[in-house]
Amino acid sequence: MSTQQENNFQAIIAHAKEYGFVFPGSEIYDGLGAVYDYGPYGSELKKNIRDYWWKSMTQLHENIVGIDAAIFMHPATWKASGHVDNFNDPMIDNKDSRKRYRVDHLIEAHAAKLEEKGQPKEAEALLQEMDALLSKDDFAGLKHLIESNKIVCAVSGTCNWTDIRQFNLMFDTKLGSVTDEADTIYLRPETAQGIFVNFLNVQKTARMKIPFGIAQTGKAFRNEIVARQFIFRMREFEQMEMQFFVRPGTEGEWYKYWKQARLQWHLSLGIPAKKYRYHDHVKLAHYAKEACDIEFEFPFGFKEVEGIHSRSDFDLTRHQLYSKKKMQYFDADIDAATGKPYGNYVPYVIETSIGLDRMFLLIMAHAYEEETITKEDGSTDSRVVMHIPEKIAPIKLAILPLTKKDGLPEIARDLMDECKNYFRCFYEEKDAIGKRYRRQDAIGTPFCVTIDHQTKEDNTVTIRYRDSMQQERILLSQVKDIVINAIV
RNA sequence: GCGGAAAUAGCUCAUCCGGUAGAGCAUCAGUUUCCCAAACUGAAGGUGGCGGGUUCGAGUCCCGUUUUCCGCUCCA
């Protein structure tokens with residue numbers, strides 16, 4: 001990572017705060033780790049990205065519908081999904097090698113070694129003691145067990161361990177107002193399960209036929225071991241997910257389809273293709289058949305923005321097992337091979353999952369530019385401009401009377417009233433015109449319209465384009481449609 | 001998690017060896033202004049991250065603490 005890129009990233013973070021995009025969370029209390037708040041322009045941009053995604057998924061795909069499932073879900077959900085068992089383990093670090101181990105794996109490996117050495121009784125006793133301590137969550141006892149058995153790190157060969165800590169991927173809380181009687185439930189670590197548990201509800205009520213998809217956006221929560229890099233890795237974040245249900249045997253072609261379609265969505269925002277790349281997973285998660293990431297070249301390197309996973313029938317089968325409800329679909333289409341309907345089956349799933357906050361950061365990183373301008377007289381000037389795609393810019397149009405008298409504000413206000421029902425506008429009559437243009441550049445407003453004395457004579461205004469800084473004279477009556485054409 | 005650095009006005013930064021806290025930009029009020037941040041007048045803005053110590057006196061020296069950044073580690 002070059003120093004220049006690093007500085008650029010710092011500048012983006014500073015700009016984000018200065019211009020009301022992203023603030024550190026709970027800042028007046030010294031902040032809260034890895035939590036951020038979106039400001040006036042940030043919340044607009046975030047909403048616009050979400051809407052753009054939602055529209056591209058639901059409005060433009062007749063076979064995809066949306067839901068909005070609750071963040072709280074029945075605890076059995078996370079048993080079924082594997083989150084409870086896979087992400088709830090006591091961990092221990094070796095101070096010399098700085099390698100991290102799951103405590104049970106470490107002890108089990110040692111027991112296996114004892115067995116090899118012909119000490120099966122000792123191995124058995126060790127495992128029994130471990131199970132007893134694990135069930136009591138006795139971390140001090142477990143550490144003592146490791147030390148007294150002289151279990152060493154495979155890398156450093158030393159027995160120099162940290163205290164045992166529990167790594168909890170999921171946040172828990174209490175459901176029920178009376179604490180004693182309340183049950184522990186989790187804040188969802190992914191939105192996908194809300195889709196899976198509603199699979200039958202959606203399929204039946206919206207009368208969906210396979211292949212079809214269910215889309216959802218929403219908050220999810222994860223404890224991260226290290227949270228850094230601004231909004232890239234947060235404990236509270238928002239996902240935009242779509243689960244696409246297909247007939248078993250067709251998952252390969254649908255995986256290819258969505259892999260391609262999702263990259264196309266990114267490119268549709270006008271971001272250069274060379275900033276993107278695929279990263280195909282070699283090591284796959286327990287549920288996956290095929291998986292890839294769409295990576296973007298952030299100021300701190302290529303990083304994952306979106307994942308496309310072929311999840312097989314893992315999730316629905318697991319929910320079928322835990323809920324004892326049939327998570328199946330009757331496919332009435334005729335199978336050419338047999339001449340009969342495909343019949344009942346658990347559908348296979350292709351998942352597309354994109355981090356809204358990461359997409360936001362992607363847009364900020366792509367858009368931010370410190371530009372040096374050479375003026376007509378040869379002198380240079382600089383501006384900070386956010387080249388945010390018109391479709392998702394927080395403010396679409398700034399309406400600026402050149403002066404605040406001679407009836408210019410009145411004309412500007414009329415234009416404001418005409419346009420504000422269609423898109424977000426910004427009115428300003430303060431300061432010199434150049435200063436107002438620069439302020440709009442800094443928040444990424446693609447169009448500025450200036451009302452001057454000539455407007456009173458011939459109903460024309462100056463429209464000024466953010467990226468080129470070019471100006472042209474257009475009819476006042478054209479303004480609304482020009483902006484609408486650019487943002488739809 | 002480990003190591004290093006930093007924290008002064010909304011922002012960027014000064015304040016030399018410990019002696020009353022300063023500028024530019026931004027903000028606010030007004031004047032001026034017909035197209036790219038740069039005109040004029042005035043105003044407001046600070047418990048120097050927080051807590052302790054040394055000292056007649058601390059933004060400045062020492063200790064602690066919090067936060068942030070950098071590197072390594074970890075994690076998807």
Side-chain angles (χ1 to χ4, degrees), chain A residues 1 3 6-7 9-11 13-15 17-20 23-35 86-87 91-102 155 161-163 165 167 169 189-190 222-230 232-233 235 237 279 281 283-285 288 291 293 295 300 303-307 309 353 355 358 371 373-377 379-385 398 400-406 408 429-442 448-457 461-466 468-473:
Chain A
M1 190 182 331
T3 311
E6 196 56 56
N7 291 342
F9 187 44
Q10 294 316 317
I13 296 170
H15 189 85
K17 187 185 168 198
E18 183 73 8
Y19 287 92
F23 309 126
S26 307
E27 196 189 10
I28 63 168
Y29 295 110
D30 283 333
L32 186 63
V35 176
N86 288 334
F87 299 103
M91 315 285 271
I92 194 165
D93 294 355
N94 184 271
K95 288 179 185 169
D96 300 309
S97 66
R98 287 169 169 173
K99 196 104 179 83
R100 174 164 292 162
Y101 295 90
R102 274 176 58 169
V155 178
W161 299 103
T162 62
D163 284 342
R165 283 162 301 192
F167 171 63
L169 176 90
E190 63 174 25
R222 282 182 202 172
N223 266 312
E224 301 282 357
I225 293 188
V226 180
R228 265 198 212 178
Q229 288 171 327
F230 196 41
F232 187 80
R233 179 160 288 154
R235 297 204 162 94
F237 60 102
H279 173 246
H281 289 206
K283 220 177 103 185
L284 296 169
D293 297 334
E295 296 186 334
F300 43 89
K303 297 281 178 184
E304 175 189 355
V305 195
E306 174 156 9
H309 293 217
S353 174
R358 288 182 179 188
E371 193 179 38
I373 306 151
T374 306
K375 293 200 268 198
E376 282 174 12
D377 64 5
S379 64
T380 59
D381 198 356
S382 68
R383 67 166 181 162
V384 173
V385 54
L400 314 170
L402 196 56
T403 65
K404 51 184 151 187
K405 53 183 186 187
D406 302 332
L408 302 186
E429 56 188 36
K430 237 184 89 61
D431 289 320
I433 191 69
K435 219 177 243 191
R436 283 181 272 169
Y437 284 153
R438 296 302 171 87
R439 277 201 282 263
Q440 295 305 314
D441 289 341
C448 293
V449 156
T450 302
I451 286 89
D452 57 20
H453 281 94
Q454 195 185 328
T455 309
K456 292 198 289 187
E457 286 153 27
V461 293
T462 304
I463 186 165
R464 181 261 194 190
Y465 302 104
R466 175 193 66 200
S468 65
M469 297 173 75
Q470 295 296 309
Q471 306 188 134
E472 16 174 352
R473 202 79 201 169

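Every chain is numbered from 1 and lettered A, B, ... according to where its sequence line falls, protein lines coming before strand lines.
- Contact between A:Ala442 and A:His15 at its shortest, heavy atoms only, is O-NE2, 2.7 Å.
- Rounding to whole angstrom units, CD of residue A:Glu18 and C1' of B:U12 are separated by 10 Å.
- OP1 or OP2 of B:U27 has at least one side-chain nitrogen or oxygen of A:Arg439 nearer than 4.0 Å.
- Rounded to an integer number of Å, the gap from CG of A:Asp431 to P of B:C40 is 14 Å.
- Nucleotides B:A23 and B:A43, compared at atom P, are 13 Å apart to the nearest Å.
- Syn is the classification of B:C17, since its glycosidic angle stays within 90° of 0.
- Across B:C16 and B:A26, the matching C1' atoms stand 29 Å from one another, rounded to whole Å.
- Looking at A:Lys456 and A:Asp406, their side chains come closer than 4.5 Å, going by heavy atoms from C-beta outward.
- Pairing partner, B:A6: B:U67, with both Watson-Crick or wobble hydrogen-bond distances short of 3.5 Å.
- If you take CG of A:Asp293 and C1' of B:A76, they are 8 Å apart, rounded to a whole angstrom.
- The side chain of A:Lys435 sits closest to B:A37 out of B:C35, B:A37, B:C28.
- Within the 4.5 Å cutoff, no side-chain heavy atoms of A:Val35 are placed close to those of A:Ser26.
- Judged purely by atom type and a 3.5 angstrom limit, A:Arg222 uses its side chain to pair as donor or acceptor with the backbone of A:Pro189.
- Proximity of A:Arg436 to A:Lys430: side-chain heavy atoms (C-beta onward) are nowhere separated by under 4.5 Å.
- The A:Gln10 side chain lies nearest to B:C70 when the options are B:A37, B:C70, B:C35.
- In this structure, B:C74 makes no Watson-Crick or G-U wobble pair, since no nucleotide meets both defining distances under 3.5 angstrom.
- Where A:Tyr437 and A:Tyr29 meet RNA chain B, the nucleotide closest to each residue was compared, and A:Tyr437 sits on the side nearer the 5' end.
- Here the C1' atom of nucleotide B:C36 and the NZ atom of A:Lys430 are 17 Å apart, to the nearest Å.
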Show your working on salt bridge (Lys or Arg N to Asp or Glu O under 4.0 Å) between A:Asp431 and A:Arg439 and close with a plain yes or no.
CA-CA 11 Å; A:Asp431 289 320; A:Arg439 277 201 282 263; 2.9 Å; yes
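- Comparing the C1' positions of B:C11 and B:U54 gives a spacing of 35 Å, expressed to the nearest Å.
- Base pairing of B:A29 is made with B:U41, judged by Watson-Crick or G-U wobble geometry with both donor-acceptor distances under 3.5 Å.
- As rounded to whole Å, 19 Å separates atom P of B:C75 from atom CZ of A:Phe300.
- In this structure, of B:G10, B:A76, B:U27, it is B:A76 that holds the atom nearest to the side chain of A:Glu304.
- When rounded to the nearest whole Å, the span between NZ of A:Lys17 and P of B:U12 equals 8 Å.
- No donor-acceptor pair under 3.5 Å is formed between the side chain of A:Lys303 and the backbone N or O of A:Phe232.
- Between A:Ile28 atom CD1 and B:C50 atom P there is a gap of 15 Å when expressed in whole angstrom units.
- In this structure, A:Gln454 reaches neither bases nor backbone, as no heavy-atom distance under 4.0 Å exists between it and the strands shown.
- The nearest whole Å value for the distance from the CZ atom in A:Phe230 to the P atom in B:U67 is 18 Å.
- Both distances falling under 3.5 Å, in either a Watson-Crick or a G-U wobble arrangement, place B:G19 opposite B:C56.
- Rounded to the nearest Å, the gap between the C1' atom of B:U68 and that of B:C50 is 15 Å.
- Comparing A:Ile13 and A:Ala432 against RNA chain B, the residue whose closest nucleotide sits nearer the 5' end is A:Ala432.
- Side-chain proximity of A:Arg464 to the nucleotides B:C36, B:C70, B:C35 is greatest for B:C36.
- Straight-line distance between the C1' atoms of B:U20 and B:U67: roughly 30 Å, to the nearest whole Å.
- Listed candidates were B:C75, B:C35, B:U33. Nearest to the side chain of A:Arg233 is B:C75.
- Nucleotides B:G10 and B:C28 are separated by 13 Å at their C1' atoms, to the nearest Å.
- A distance of about 27 Å separates the P atoms of B:U27 and B:U15, rounded to the whole Å.
- Separating the P atom of B:G42 from that of B:G64 is a span of 49 Å, rounded to the nearest Å.
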